[in-house]
Amino acid sequence: MPQIDPRTVILLVGVMSSFMALIMFSLQRNYPPSIKGLNEFGVVLLLVTVASTLAFGLGTLPNFVSITLPRLLFPAGLFLSYVGAQRLFGEKPRYWPWVVLIALTVALQMWFTFGEPNFAARLRVSGTLSVCLFVAFVNLVRKQGLTTFAKVLTMGVLLSMCGIVSARLLSALIGPAGIDIYDASSNQHLVYLSALSVFILLLSVSVVLLAAERMHTEMAYLASHDSLTNALTRRQMNEVCAMELERSQRHGHSMALLIMDLDHFKVVNDTHGHQRGDRVLVEFVTKVNRLLRRPDQLARFGGEEFVALLPQTGLEEAMSVAERIRAACALPGVEATCTVSIGVTTNSQARDTVDSMIARADTAMYRAKSLGRNRVDAA
């Protein structure tokens, strides 16, 4: 029965990795800038391609090039994968502890390659670093919550790869030394190499799924939130208000709506420019959010008009909240600011609708404007 050449397995993995790298770079180029980390995974796959090509040259290239360099590229690629995953999940990577550990590993690898050649010692050093990286990687994915198929698959792939490397490390600690991974007569090494190669490609697929999942989340957020202020969109707010009104009517609770319009906002745009106007809107949302409770919702209905939903809130309490918002906006700032006129209403009839509540609050808001602006008025 013909035996499989381990170097051929490695070369095939390199070819597949190069195609996956192109996919990663293409996704990063076409995805929104908020989705990060795919370039790192693309570089990792290119490192796998380089390492596989060098390993295939065993016997024709110097041992340092065909054996030592590929073994150094594997933990380096694993670390870069960990960094890419941190960026993909929106966490800030910590480089220095791992850079120091990798530098120490490289120094020991070089010593056990040229100073005191020892294959088993090299394997133990690189295996220990890889296990540490896998443990950190697994913990990172665990913290995100195994709530989707992509995360479950990623966790499964990482645990499998960690198990393979751990088994390889354990065999180096308790088993005989001297058999290289490129030895085609060793079924143990062939199984290890083939399994690890397959899981490297599976990890790439997992990353693509994670990126697609993140893209879906981003699109869902953009569909429901204003891109400038991060307040809810009008459409999303209408849905939220309808659900809350139904719940309030079912349980006999009161809910309040505040319609807020910035006074003389057009003057800010005309005098100071639209960029300053945008900052005024962002600052307004920031101020209001500080004064709202966790269940409350804030939406931008268009231009300089905003709506706040206050669940389980009566008219008196809603008026108090509106007055605090008005007072906060009336404080002078370093740059140009706007005061706000606010109309307040609560659900008052069994057949009340969101549209009727908005109409009442809108009427109250325009009455506040007609009475001099920078006021709070109730429907």
Side-chain angles (χ1 to χ4, degrees), residues 2-15 17 43-82 95-137 160-200 203:
Q3 291 182 328
I4 301 175
D5 182 6
R7 289 179 298 177
T8 303
V9 175
I10 293 176
L11 183 63
L12 289 175
V13 171
V15 173
S17 296
V43 173
V44 168
L45 291 166
L46 289 181
L47 291 178
V48 173
T49 301
V50 172
S52 302
T53 304
L54 296 177
F56 185 76
L58 180 66
T60 58
L61 297 175
N63 286 346
F64 174 78
V65 175
S66 60
I67 298 178
T68 304
L69 278 182
R71 285 208 181 94
L72 295 177
L73 289 176
F74 179 75
L78 182 56
F79 169 66
L80 197 55
S81 297
Y82 177 57
Y95 295 99
W96 287 110
W98 291 108
V99 170
V100 172
L101 189 57
I102 290 174
L104 180 61
T105 301
V106 170
L108 290 173
Q109 286 271 24
M110 299 296 288
W111 170 254
F112 288 123
T113 300
F114 302 105
E116 189 177 308
N118 188 323
F119 167 72
R122 293 198 304 268
L123 184 58
R124 292 163 189 159
V125 170
S126 61
T128 301
L129 174 62
S130 298
V131 169
C132 291
L133 283 166
F134 273 123
V135 170
F137 206 154
S160 300
M161 294 179 73
C162 185
I164 293 169
V165 174
S166 298
R168 172 74 169 157
L169 177 60
L170 184 62
S171 66
L173 292 173
I174 65 176
I179 301 178
D180 205 333
I181 192 174
Y182 302 98
D183 185 358
S185 64
S186 173
N187 291 330
Q188 174 187 352
H189 293 302
L190 185 59
V191 169
Y192 159 75
L193 184 60
S194 300
L196 193 60
S197 302
V198 169
F199 279 109
I200 287 175
L203 182 59

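Model, not experiment: these values are computed from the prediction.
Rounded to the nearest 0.5 angstrom, I102 CD1 and L129 CG are separated by 5.5 Å. Between atom CG of residue L133 and atom CG of residue L101 there is a gap of 7.0 Å, rounded to the nearest 0.5 Å. Rounding to the nearest 0.5 Å places CD1 of I200 at 9.5 Å from CG of L78. How far CG of L104 is from CD of Q109: 11.0 Å, rounded to the nearest 0.5 Å. If you take OG1 on T105 and CZ on F79, they are separated by 12.0 Å, rounding to the nearest 0.5 Å.
When all heavy atoms of S130 and V165 are compared, the pair lying nearest together is CB-CG1, 3.8 Å.
For I164, the side-chain contact (heavy atoms from CB on, under 4.5 Å) partners are Y192, A195, L196, F199, not counting sequence neighbours. Shown here are the side-chain contact (heavy atoms from CB on, under 4.5 Å) partners of A136, two or more places apart in sequence or in another chain: Y82, W98.
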Going by atom type alone, with no hydrogens or angles, which donor-acceptor pairs under 3.5 Å involve a side-chain atom of residues 46-53 and a protein atom two or more places apart or on another chain?
residue, atom, partner, partner atom, Å
T49, OG1, G14, O, 3.0
T49, OG1, S18, N, 3.2
T49, OG1, L45, O, 2.9
S52, OG, I10, O, 3.1
S52, OG, V48, O, 2.7
T53, OG1, T49, O, 2.8

